[in-house]
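What follows is one structure encoded as structure tokens, with my remarks underneath.
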Amino acid sequence: MDGLTPAGATVITRREGDLCYLQLHRPDADNAINDAMLVDCGAVLRDCTAWARVVVLEGLPHVFCPGADLHEAGRSRPDRQSATRNAEALYGLWLLLKRGPFISIAHVRGKVSAGGVGFVAACDLVLCADDATFSLPELLFGLMPACLLPFLIERVGSARAHAMTLLTQAVAAPQAVAWGLADASAADSANLLRMHLLRLRLLPRDAIARYKRYATSLDGGLEAARDKAVAANAELFSDPATHDKLARYAATGQFPWEVV
């Protein structure tokens, strides 16, 4: 992993010793999640399990990740099997961030919404810029944040995850810190990250791996929720009515309630 990005890749990686920077990088799509991004991220994280002490997950300066690529989702109507496969890949990727033998840090700048919040909630630590915002707009499209909810509930509790889902409004950085969705924020989030890395890189890698194995053994909730989350997500994204709503939004920019 030398930081060179092959043509067509959806991520940029940079290695500094036992530290890996993994940047989501689809600037033409504002970092929306597609199948290629899931594959690329999974490959990087699986490689990191062999050597990394810390993995820093980043987005673009103005947007971390807005969730699924609705333009791609609107082009073809997925069947239940392919929708299940996509949901399993997404959930598995977040489990890698949560359970990998490294410290995972989400460095959030700009907007993060929908599935992007799943990347955030799956990380061990979340550091954000003061102008970062977090939102779950899924219900506005007749969807729900099925795969990410188990991770979000573990991070902020069921009541706050429930409120974020129902309100569909953006949560600003100070509120995200107060709720525990983010661990700290600063105007200069890059400097905030640097300060935390100075201490985190002192932790022995074997101790990190041992601790995360133990912490995972205390709570089997994420594994128990996996089948339900994947099934719910697949049901929604294989629904023809849902597909039509997403396709119309991708083509026209009209939200479902704006169509008469």
Side-chain angles (χ1 to χ4, degrees), residues 1-6 8-26 31 33-59 64-65 84-108 112 115-127 147-148 150-152 154-155 182-183 193-194 196-227 229-230 233:
M1 187 182 302
D2 57 9
L4 298 177
T5 304
T10 63
V11 299
I12 293 176
T13 59
R14 185 172 87 256
R15 179 173 178 173
E16 295 181 2
D18 53 13
L19 169 62
C20 175
Y21 288 92
L22 168 57
Q23 182 188 19
L24 307 179
H25 194 258
R26 295 190 67 216
N31 268 7
I33 303 167
N34 66 355
D35 293 348
M37 180 180 283
L38 296 180
V39 171
D40 291 343
C41 283
V44 172
L45 291 176
R46 284 189 293 273
D47 178 68
C48 284
T49 61
W51 60 269
R53 187 188 311 250
V54 180
V55 174
V56 177
L57 181 66
E58 299 182 302
F64 180 81
C65 176
T84 298
R85 185 168 56 249
N86 291 341
E88 287 176 340
L90 186 62
Y91 202 94
L93 182 59
W94 292 339
L95 279 178
L96 262 175
L97 285 168
K98 186 74 175 178
R99 295 182 170 179
F102 43 71
I103 299 170
S104 56
I105 303 175
H107 176 209
V108 181
V112 54
V117 176
F119 276 104
V120 171
C123 286
D124 296 315
L125 296 170
V126 180
L127 307 176
C147 280
L148 73 86
F151 295 88
L152 185 62
E154 183 168 282
R155 185 158 187 93
D183 295 293
L193 173 63
R194 282 192 294 270
H196 279 76
L197 287 175
L198 287 174
R199 188 170 188 87
L200 292 171
R201 295 185 75 176
L202 297 177
L203 303 179
R205 186 175 183 276
D206 58 346
I208 294 169
R210 188 180 300 116
Y211 162 69
K212 290 195 69 175
R213 284 197 304 270
Y214 172 67
T216 297
S217 73
L218 296 178
D219 181 12
L222 291 177
E223 195 60 53
R226 183 174 190 159
D227 290 346
V230 167
N233 188 280

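When a residue number appears, it is its place in the shown sequence, counting from 1.
Under the side chain to side chain contact (heavy atoms under 4.5 Å, CB included) criterion, Arg194 pairs with Asp188, Ala190, Asn191, sequence neighbours left out. With sequence neighbours left out, the side chain to side chain contact (heavy atoms under 4.5 Å, CB included) criterion links Leu93 to Leu38, Cys41, Leu45, Phe119. Applying the side chain to side chain donor-acceptor pair (under 3.5 Å) criterion to Asp183, with sequence neighbours excluded, gives Arg155. For Tyr91, the ring pair (Phe, Tyr, Trp, His ring centres under 6.0 Å) partners are Phe151, not counting sequence neighbours. Asp18 meets the salt bridge (Lys or Arg N to Asp or Glu O under 4.0 Å) test with Arg53, Arg201; sequence neighbours excluded. In terms of the side chain to side chain contact (heavy atoms under 4.5 Å, CB included) criterion, residue partners of Thr216 (sequence neighbours excluded) are, by chain and number, Arg99. Under the rule for a side chain to side chain contact (heavy atoms under 4.5 Å, CB included), the partners of Ala209 that lie at least two apart in sequence or sit in another chain are Pro101, Arg213. In this view, Glu154 and Lys98 satisfy the side chain to side chain donor-acceptor pair (under 3.5 Å) rule, not counting sequence neighbours.
In this structure the side chain of Thr13 never reaches within 4.5 angstrom of the side chain of Arg15, judged on heavy atoms. Counting heavy atoms from C-beta outward, Leu197 and Ile105 have side chains that approach closer than 4.5 Å.
Here the shortest heavy-atom pairing between Cys20 and Val44 reads SG-CG1, 4.2 Å. The nearest pair of heavy atoms linking Arg46 to Val39 is NH2-O, 4.5 Å. Pairing each heavy atom of Gly115 with each of Trp94, the nearest pair is O-CZ2, 3.2 Å. Met37 approaches His25 most closely through the heavy-atom pair CE-N, 4.5 Å. Nearest heavy atom pair, residue Cys65 against residue Leu24, reads CB-CD1, 4.0 Å. Here the closest heavy-atom approach between residue Trp51 and residue Gly17 is recorded as CZ3-O, 3.4 Å.
Remark: the backbone N or O of Val11 is not paired with any side-chain donor or acceptor of Gln23 at under 3.5 angstrom.
Sorted by first and then second residue, the salt bridge (Lys or Arg N to Asp or Glu O under 4.0 Å) pairs involving residues 202-212 (not counting sequence neighbours) are Asp124-Lys212.
The structure places CG of Asn233 at 8.5 Å from CG of Asn86, a figure rounded to the nearest 0.5 Å. Atom CG of Asp227 and atom OG1 of Thr84 lie 10.5 Å apart (nearest 0.5 Å). Taking CG from Leu198 and CG from Leu193, the interatomic distance works out to 9.5 Å, rounded to the nearest 0.5 Å. Note that the CD atom of Glu88 and the CG atom of Leu95 stand 11.5 Å from one another [nearest 0.5 Å].
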